[in-house]
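Scroll down for the structure; my scribbles are underneath it.
Counting from 1, the numbers follow the sequence of the chain as shown. Nothing here was measured: the structure is a model prediction, and the numbers come from that model.
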Amino acid sequence: MHTAHLDWLNALSSAAARTELLKCCGSTHWATTLTERRPFANLDQLLAQSTDVWWALDQIDWLEAFRSHPKIGEKKAAASVTTQSQQWSAQEQQGVARANEEAVEKLACLNRAYEEKFGFIFIVCATGKSTDEILALLETRLENEPAAELRNAATEQAKITELRLRKLLGTA
């Protein structure tokens with residue numbers, strides 16, 4: 001662990017730390033609560049606290065975090081996000097960026113069906129996944145009940161958040 005990076009996060013003002021953490025997860029409640037739990041002794045403690053805070057949030061906070069992501073295959077999130085968040089999303093969706101036109105159209109169609117059914121965008125930790133893998137996941141998850149799918153999306157958001165915290169601190 002690069003202690004200097006963790007020391008940097010611990011030393012930031014509350015407002016600055018919250019801004020940095022919002023790059024990792026778009027829930028203001030998550031970012032505010034995690035900021036208040038500083039200082040962190042090490043990366044493991046930060047990640048454990050992040051997880052604890054995430055799973056204690058309400059559905060409304062999860063939905064706020066989901067809105068900070070672009071739809072799979074798109075570049076613009078529903079909510080206003082930082083340039084860093086946009087860059088991370090693009091990196092995470094590299095597999096989809098190389099998709100052919102037919103796959104992109106299928107993603108768009110399934111994304112619409114998913115959002116109509118569940119009321120939020122399809123959230124998946126896309127890092128390392130191909131377009132075909134993501135399409136298969138989308139098709140499978142479309143069969144879920146809404147409560148189960150909300151939990152699936154929250155689990156995927158937690159994975160994304162951990163990856164982004166590691167990127168923020170220079171450990172990924």
Side-chain angles (χ1 to χ4, degrees), residues 18 20-37 40 42-79 81-82 84-97 99 106-108 110-169 171-172:
R18 186 174 169 272
E20 292 299 322
L21 290 170
L22 278 168
K23 294 175 183 178
C24 302
C25 176
S27 163
T28 52
H29 191 179
W30 173 87
T32 301
T33 304
L34 202 57
T35 296
E36 292 166 356
R37 293 193 178 185
F40 302 108
N42 53 49
L43 178 63
D44 290 340
Q45 183 188 32
L46 168 62
L47 297 176
Q49 289 291 319
S50 170
T51 299
D52 289 348
V53 171
W54 177 250
W55 290 111
L57 294 176
D58 291 329
Q59 176 179 331
I60 194 162
D61 299 309
W62 290 355
L63 295 174
E64 178 187 23
F66 300 167
R67 286 190 298 274
S68 71
H69 295 280
K71 293 177 185 172
I72 292 289
E74 295 184 7
K75 296 187 176 17
K76 183 124 172 64
V81 296
T82 66
Q84 182 69 71
S85 292
Q86 289 173 340
Q87 289 171 344
W88 285 341
S89 288
Q91 289 170 355
E92 292 157 4
Q93 291 191 37
Q94 279 179 344
V96 176
K106 188 172 182 182
L107 270 173
L110 289 173
N111 272 329
R112 277 192 302 277
Y114 183 98
E115 195 167 4
E116 286 170 15
K117 179 173 182 178
F118 298 114
F120 54 89
I121 69 164
F122 176 68
I123 300 291
V124 65
C125 186
T127 301
K129 290 182 177 62
S130 70
T131 304
D132 289 341
E133 289 172 298
I134 291 171
L135 282 168
L137 284 168
L138 233 171
E139 289 173 334
T140 300
R141 287 175 51 190
L142 262 166
E143 302 302 316
N144 290 333
E145 292 300 317
E149 189 49 33
L150 177 64
R151 195 106 181 126
N152 284 337
T155 298
E156 292 297 309
Q157 174 64 54
K159 292 177 193 174
I160 295 165
T161 299
E162 179 175 334
L163 282 172
R164 290 183 176 191
L165 282 169
R166 290 177 183 277
K167 288 177 184 178
L168 181 69
L169 297 177
T171 64

Aromatic plane relationship, F66 with W54 - under 30° parallel, 30 to 60° tilted, over 60° perpendicular:
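Judged by the thresholds at 30° and 60°, the geometry between W54 and F66 is tilted.
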
So, does [X] use its side chain to make a donor-acceptor pair with the main chain of [Y] at under 3.5 Å?
X: E156; Y: C125; answer: yes
X: S68; Y: A65; answer: yes
X: T171; Y: R166; answer: yes
X: D58; Y: D61; answer: no

Contact check, side chains of [X] and [Y], non-hydrogen atoms, under 4.5 Å:
X: E139; Y: K106; answer: yes
X: C25; Y: R164; answer: no
X: L22; Y: T28; answer: yes
X: L137; Y: K129; answer: yes
X: L34; Y: L46; answer: yes
X: Q157; Y: W62; answer: no
X: R67; Y: L63; answer: yes

Calculate, to the nearest 0.5 Å, the distance between atoms [atom1] and [atom2] belonging to [X] and [Y] respectively.
X: F122; Y: R141; atom1: CZ; atom2: CZ; answer: 4.5 Å
X: I134; Y: L138; atom1: CD1; atom2: CG; answer: 8.5 Å
X: T32; Y: H29; atom1: OG1; atom2: NE2; answer: 7.5 Å
X: D52; Y: L47; atom1: CG; atom2: CG; answer: 11.0 Å
X: R151; Y: Q59; atom1: CZ; atom2: CD; answer: 11.5 Å

Determine the minimum heavy-atom distance between [X] and [Y], stating which atoms define it.
X: P70; Y: I121; value: O-CD1, 3.8 Å
X: T161; Y: S50; value: CG2-OG, 3.8 Å
X: F120; Y: L150; value: CZ-CA, 3.8 Å

Walk me through it: do W30 and W55 pass the test ring-ring contact (aromatic ring centres under 6.0 Å, His included)?
CA-CA 10 Å; W30 173 87; W55 290 111; over 10 Å; no

Could you tell me whether E20 and K23 have a side-chain N and a carboxylate O separated by less than 4.0 Å?
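Yes.
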
Chi angles and distances behind the salt bridge (charged side-chain N to carboxylate O under 4.0 Å, His left out) call for E115, K71
CA-CA 10 Å; E115 195 167 4; K71 293 177 185 172; 2.9 Å; yes

Just to verify, which of I123, T127, L165 counts as forming a side-chain contact (heavy atoms from CB on, under 4.5 Å) with I160?
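Of I123, T127, L165, side-chain contact (heavy atoms from CB on, under 4.5 Å) with I160 is met by I123 alone.
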
Passes side-chain contact (heavy atoms from CB on, under 4.5 Å), L163 versus K159? Steps please.
CA-CA 6 Å; L163 282 172; K159 292 177 193 174; 5.7 Å; no

Without hydrogens or angle criteria, can the side chains of E149 and N152 be said to hold a donor-acceptor pair below 3.5 Å?
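Short answer, yes.
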
